[in-house]
A.B. asks: 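Okay, handing you the structure first.
Values below: all heavy atoms of this structure, side chains included; hydrogens, waters and symmetry mates excluded. As the structure lists them, so they are numbered: ligands from 1, and atoms in each ligand from 1. The residues of the chain are indexed from 1 along the displayed sequence.
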Amino acid sequence: MQNAEKVIEFFKEICDIPHASYDEKRIGDYLVDFAEKRGLSYRRDGIGNVLIKKPASIKGCNAPAVIIQGHMDMVYVRESDCPYTYEEGIKLIEEDGFLRADGTSLGADDGIALAYGLALLDSEDIAHPDLEVVFTVQEEVGLYGAEHFDCSDLKGKYLINIDTEQEGVFFTSCAGAVRADLVLPVERVRLENMRRLTVELYGLAGGHSGMEIHLGRPNAIVIMMRLLLSMGGLANICSIECDGKTNAIADHCKALLYVSPEKADNIAARLSKTVAEFNAEFEGVDEIKLRTTLGDVESAMCWTKDCHRSVLGALIMIPNGVIGMSGDIPGLVETSANPGILVSEDNKVTVSFCIRSSVRDKKEFVLDKLESVAAMSMGDLIRFSDYPQWEYRENSMLRDMAMDSYRELFGREPKASAIHAGLECGYFAERITDVDIISIGPDQFDVHTTRERVSLDSLGRVWQLIQKLLELLSR
Ligand SMILES: [Zn+2]
């Protein structure tokens with residue numbers, strides 16, 4: 001078996017070439033040049049994805065081809081006092097068994113996949129079947145490269161995606177996601193001599209709607225709905241806003257209310273009391289901060305009574321947080337919904353959701369619920385970009401082979417896992433009939449930060465595992 005020397009050599013070459021998302025032209029040129037120099041057939045598509053093919057190492061091998069896949073872009077972050085510019089590339093430091101970068105992110109996510117791929121394509125002494133090595137662009141900014149990659153000339157029946165960060169953990173499934181906007185009509189009426197009351201919820205922990213949804217943290221949009229509903233008809237709503245992201249748990253929300261001047265102080269006190277009750281409910285999980293500001297007495301256009309009832313009634317029913325857990329993988333969130341943005345306009349309010357599931361039908365079920373909520377309030381549900389899930393396979397020869405090999409090689413117990421976020425595997429699973437996929441990678445820490453580092457020992461072990469798998473798959 002080859003040691004990881006070549007892999008590290010290629011990784012160093014990759015680090016010399018700036019390759020942040022959207023700036024993959026030079027790294028793509030380098031890959032194409034690599035293929036040309038070795039007489040390997042390749043294809044580069046219109047957006048920059050590169051496919052390089054290499055025939056089996058053994059003549060007459062008729063085992064099915066294996067696809068090796070990773071992404072060529074990286075998340076580039078730089079400390080303000082870093083002496084190197086982006087154009088100077090990544091300066092590597094080897095320290096305590098880790099590889100890290102001097103003052104920037106490292107880009108082992110996913111440069112290491114490129115390095116493994118190139119070392120395979122370059123090798124003359126590794127046994128493997130036909131290889132189809134796919135390097136995509138713009139993974140970090142929404143899986144754009146994989147979304148637009150044409151799989152029709154791929155012959156591989158096995159796909160090894162190298163883009164995870166824990167050695168010995170074999171990913172076998174990922175969630176698909178869809179963005180949907182719930183639009184509810186609003187009617188207004190002019191109210192005279194009312195006192196302005198601004199209500200702000202802030203300081204919530206928030207978090208990633210895929211990776212942190214299982215923590216049960218309160219969503220500021222949902223908390224605001226509960227708070228407003230608890231006021232009965234005492235508060236007239238002028239607007240509610242949350243300028244968040246669909247894929248982040250809402251950590252703030254602001255409402256502009258109008259109340260009768262003589263009840264204003266009482267109402268503010270009641271809001272504080274209700275938020276204190278919510279905080280008791282979320283004790284040990286999160287803390288909601290409340291700021292109320294009383295303003296002038298003025299006239300304002302607020303939601304009508306009917307609209308107040310129907311819109312708040314609808315918004316209190318929106319699905320939020322974990323909807324269901326996986327039956328196959330313990331601890332994995334299977335389906336979730338996250339309202340992340342809320343926009344008020346004169347005649348409508350719009351709540352934007354990110355709905356994730358590793359099972360297509362369950363994602364559809366959540367969308368159906370939202371559609372019903374919309375219909376009951378004469379509103380609309382608009383669906384946007386959808387990326388496919390990679391569903392768990394009961395029978396996966398590749399997963400079993402990888403886990404057995406890992407156990408045999410290193411005497412350690414591997415783990416099959418899945419994530420409640422998107423991986424490029426979803427697109428390949430959707431487009432290549434019957435493809436058997438695993439996602440692997442060496443131990444990496446603090447990815448996407450200037451502390452990003454990869455374990456050299458782990459990098460070596462994953463390299464051995466890849467070689468072993470290819471040897472088995474060439475039989
Ligand atoms: Zn990655």
A.B. asks: At less than 2.8 Å, would any N/O/S atom of Asp110, backbone or side chain, sit next to the Zn ion (ligand 1)?
C.D. replies: no

A.B. asks: So, Phe10 versus Tyr116, ring centres under 6.0 angstrom or not?
C.D. replies: no

A.B. asks: Of all N, O or S atoms in Asp163, identify the one at the shortest distance from the Zn ion (ligand 1).
C.D. replies: OD1

A.B. asks: Around atom NZ of Lys254, are there more than 12 heavy atoms of other residues, nucleotides or ligands at under 6.0 Å?
C.D. replies: no

A.B. asks: Checking side-chain contact (heavy atoms from CB on, under 4.5 Å) between Asp251 and each of Leu204, Asp286, Leu201, which is the one that passes?
C.D. replies: Leu204

A.B. asks: Any N/O/S atom from Asp109 (main chain or side chain) under 2.8 Å of the Zn ion (ligand 1)?
C.D. replies: yes

A.B. asks: Looking at Asp153 and Arg43, is there a salt bridge between them, counting it only when a charged N and a carboxylate O are closer than 4.0 Å?
C.D. replies: yes

